[in-house]
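Taking it in order: structure first as structure tokens, then the write-up.
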Amino acid sequence: MLNNIGLPGLLLIAVVVLVLFGRGKISSLMGEVGKGITAFKKGVDDGKAELEDSMAEARDVTPESEKDKA
């Protein structure tokens, strides 16, 4: 159903949304969306770093007593 919207349909939807909500409301909403995307990307990067750290710790199988001696 949504496969045949096309450019004119998208422009019409954009105009209707702009008329209903106004420029200020849409601007603040897009700012919040941007903050959410940034927070999501930061969370993904933090998750990757944590996963890589846990994988590195899992590979290090040297007993603790031998680490202290070295």
Side-chain angles (χ1 to χ4, degrees):
M1 181 177 135
L2 296 176
N3 293 337
N4 57 0
I5 289 178
L7 185 61
L10 290 176
L11 288 175
L12 179 64
I13 291 170
V15 168
V16 169
V17 167
L18 185 62
V19 168
L20 288 177
F21 294 108
R23 193 181 79 197
K25 187 77 166 179
I26 292 174
S27 174
S28 65
L29 179 65
M30 290 299 115
E32 293 298 320
V33 168
K35 288 178 186 176
I37 290 171
T38 303
F40 177 77
K41 286 182 179 179
K42 184 178 184 294
V44 168
D45 290 340
D46 289 347
K48 283 182 184 178
E50 185 177 327
L51 183 62
E52 288 171 358
D53 288 345
S54 66
M55 293 293 284
E57 288 175 3
R59 286 187 204 134
D60 186 16
V61 293
T62 307
E64 290 295 322
S65 60
E66 289 183 20
K67 284 183 185 178
D68 293 336
K69 292 177 184 177

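Identified under the side chain to side chain donor-acceptor pair (under 3.5 Å) test for residues 21-43, with sequence neighbours left out: Lys42-Asp46.
No chain of hydrophobic side-chain contacts below 4.5 Å, direct or via other Ile, Leu, Val, Met, Phe, Trp or Tyr residues, connects Phe40 to Ile37.
Residues passing the side-chain contact (heavy atoms from CB on, under 4.5 Å) test with Ile26 are Val17, Leu18, Phe21, Met30, sequence neighbours excluded.
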Would you mind writing out the side-chain donor-acceptor pairs for residues 47-55 within the sub-3.5 Å range, not counting sequence neighbours?
residue : atom : partner : partner atom : Å
Ser54   : OG   : Glu50   : O            : 3.4
Ser54   : OG   : Leu51   : O            : 2.8

